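In what follows, a structure is listed as structure tokens, so that the remarks can point back to it.
The basis for the numbers below is simple: all heavy atoms, side chains too, and nothing from hydrogens, waters or symmetry mates. We count residues from 1, following the sequence as given. Quantities reported herein were computed from a predicted structural model and do not represent experimental measurements.
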Amino acid sequence: MTQNNLGNALRTLGERDGNTGRLDEAVTAYGAALQERTRERVPLDWAATQNGLGNALRVLGALENSTQRRSNGPESRTISAMRF
């Protein structure tokens, strides 16, 4: 849970300040959270983390004008929206 909360805080700071470094850190924190928050163990927490990751990638892609990062964002949100 701590890594997910860290990802949320870093994403918020990165969005507010337009700081891609903070957003990169958020992506890393969300990745660490997903090591523990697996779909099998805690599906709702996994989905929330995937959503945060997708949002961080979306903002990062917009700031960097990167199609690669933008294409990863919606995919993460689509995965988290799947019904269980």
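Considering every non-hydrogen atom in both Y30 and A56, the closest pair reads CE1-CB, 4.1 Å. Of all the heavy atoms in G14 and L63, the pair that sits closest is O-CD1, 4.5 Å. Scanning both residues, G7 and A26, for their nearest heavy atoms gives O-CB, 3.6 Å.
The distance from atom CG of N8 to atom CG of L13, rounded to the nearest 0.5 Å, is 11.0 Å. Atom-to-atom distance recorded for Q3:CD and L10:CG is 9.5 Å, nearest 0.5 angstrom. For the atom pair CZ (R11) and CZ (R58), the distance works out to 8.0 Å, reported to the nearest 0.5 Å. Atom OG1 of T12 is separated from atom CZ of R16 by 8.5 Å, given to the nearest 0.5 angstrom.
Remark: the backbone N or O of W46 is not paired with any side-chain donor or acceptor of R39 at under 3.5 angstrom. For N51 (side chain) and A47 (main-chain N/O), no donor-acceptor pair under 3.5 Å exists by modelled atom type.
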Go through the steps for E36 and R41 under the test side chain to side chain contact (heavy atoms under 4.5 Å, CB included), then give the verdict. CA-CA 8 Å; E36 295 298 319; R41 282 185 46 219; 3.6 Å; yes
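Neither L53 nor L6 shares a network with the other; the hydrophobic side chains, linked directly or stepwise wherever heavy atoms of I, L, V, M, F, W or Y lie under 4.5 Å apart, form separate groups for each. L23 and L57 fall within the same hydrophobic cluster, where Ile, Leu, Val, Met, Phe, Trp and Tyr residues are linked whenever their side-chain heavy atoms come under 4.5 Å apart, directly or through other members.
For R37 and N4, the side-chain atoms include at least one donor-acceptor pair closer than 3.5 Å.
In this structure, R22 has no side-chain hydrogen bond (donor to acceptor under 3.5 Å, both in side chains) partners at least two apart in sequence or on a different chain.
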